[in-house]
Amino acid sequence: MTDNDKTILVLGATGKTGRRVVNGLRGRGATIRAASRSGEVRFDWDDRNTWEPAFTGADAAYIVDMQDKPGSWDAEGQVRELAKQAVDQGVRRLVLLQARVLDKVGGKSLIAGERAVQESGAEWTVLRPNWFAQNFDEGVLLDGVVSGELALPAGHGREPFVDAADVAAVATAALLDEGHAGQVYELSGPRAITIEDAVRDISRATGRTIRYRPVTHQAYVDELVSYEVPQDYALFVADLVAQIRDNRNATPTDTVQRVLGRAPRDFSDFVKAAAATGVWNV
Ligand SMILES: NC(=O)c1ccc[n+]([C@@H]2O[C@H](COP(=O)([O-])OP(=O)(O)OC[C@H]3O[C@@H](n4cnc5c(N)ncnc54)[C@H](OP(=O)(O)O)[C@@H]3O)[C@@H](O)[C@H]2O)c1
């Protein structure tokens, strides 16, 4: 089967990695079903009626689950049901996005869905990335950068931020190429940096002064809650940031190099490209 004959369902297709997976697969000539609540193909984890139509005709699927959803979401159970639906409809390959976070955060396991795809009967690959660089320009850190101050409970810990494009490139390879079945890929950028390093880089690239102010875990939770973020979600995000503070996943991996045959993108190169879009201008 050539890439042109393959149909791939991409969940989270409007998100940081999903969007890039769609582009990568299109570049290889595969037929894409780009799915999310607002995607070309409607898929909603909370609406079972959308699952079967989404998988129709798909040979493989990229699964982005809802592990950061506030409240009690049964990640393993939901991924298990989804994987069964996929296999029942003839999907042969599943690539699951999880996270390089082995501790529970906000009471949740971010690798809870892994067992479900591993036991699904499909060929499977699991991706466990570090924090994405794109949190600074598309995600949870954007508002702070634009305001000129990032106040986070990250202490002076280090994180090898990974570019979402590298995660997507590995996902694309796992969806289309052979040799990735049965692999759990831990994906990082090439070097671990502090939040101070990150804002220094962004300041240099934008010509603005962006500061980092370390705050306590509790102060951060309280601040998020004051902006009407639900308490459980605030705790989840604070625990995730604390992973940086504690250097929990600070050691870079060589997985991007091994899988793609090239180095992962450096944070500075991400910053130069993001600054050029004007996203951090006031
Ligand atoms: N951000 C990071 O640094 C990072 C690092 C490691 C792992 N991860 C993992 O990556 C995953 C995505 O995180 P992200 O930050 O990349 O998020 P994101 O960019 O906001 O993407 C989330 C995607 O999920 C879709 N979505 C949201 N609610 C949905 C629902 N109820 N049903 C179906 N689709 C839904 C969204 O599209 P619609 O709104 O159109 O539905 C969007 O396409 C999470 O599992 C996260 O833990 C993230």
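Both ligands and their constituent atoms are indexed starting at 1 by order of listing.
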Will you find, in the side chains of D239 and Q243, an N or O donor that is under 3.5 Å from an N or O acceptor?
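Judged by distance alone, the side chains do not pair up.
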Checking a contact table here: which protein heavy atom is nearest atom 38 (P) of ligand 1, and how many Å away?
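Going by distance alone, atom 38 (P) of ligand 1 is nearest to S36 OG, 3.5 Å.
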Is there a heavy atom of [X] sitting under 4.0 angstrom from any atom of ligand 1?
{"X": "A13", "result": "yes"}
{"X": "T17", "result": "no"}
{"X": "P129", "result": "yes"}
{"X": "N130", "result": "yes"}
{"X": "R128", "result": "no"}

Give the atom numbers and elements of ligand 1 that come within less than 4.0 Å of a heavy atom of [X].
{"X": "T14", "result": "36 (C), 37 (O), 38 (P), 40 (O), 42 (C), 43 (O)"}
{"X": "D65", "result": "45 (O)"}
{"X": "G12", "result": "23 (C), 24 (O), 43 (O)"}
{"X": "N135", "result": "1 (N), 2 (C), 3 (O)"}
{"X": "V64", "result": "11 (C), 12 (C)"}

Between W73, F236, F132, which one has a non-hydrogen atom sitting closest to atom 2 (C) of ligand 1?
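Among W73, F236, F132, the closest heavy atom to atom 2 (C) of ligand 1 comes from F132.
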Classify the contact between Q98 and ligand 1 as side chain, backbone, both or neither, using a heavy-atom distance cut-off of under 4.0 Å.
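Within the 4.0 Å criterion, Q98 contacts ligand 1 through backbone atoms alone.
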Can you find an N or O of L110 that's nearer than 3.5 Å to an N or O of ligand 1?
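Not met; the criterion fails.
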Decide whether an N or O pair under 3.5 Å exists between D44 and ligand 1.
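So ligand 1 has an N or O lying under 3.5 Å from an N or O of D44.
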Relative to the ring of F236, is the ring of Y233 parallel (under 30°), tilted (30 to 60°) or perpendicular (over 60°)?
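Parallel: the ring planes of Y233 and F236 meet at under 30°.
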Between F136 and F161, does the ring-ring contact (aromatic ring centres under 6.0 Å, His included) criterion hold? Intermediate values first, please.
CA-CA 10 Å; F136 288 89; F161 293 98; 5.2 Å; yes
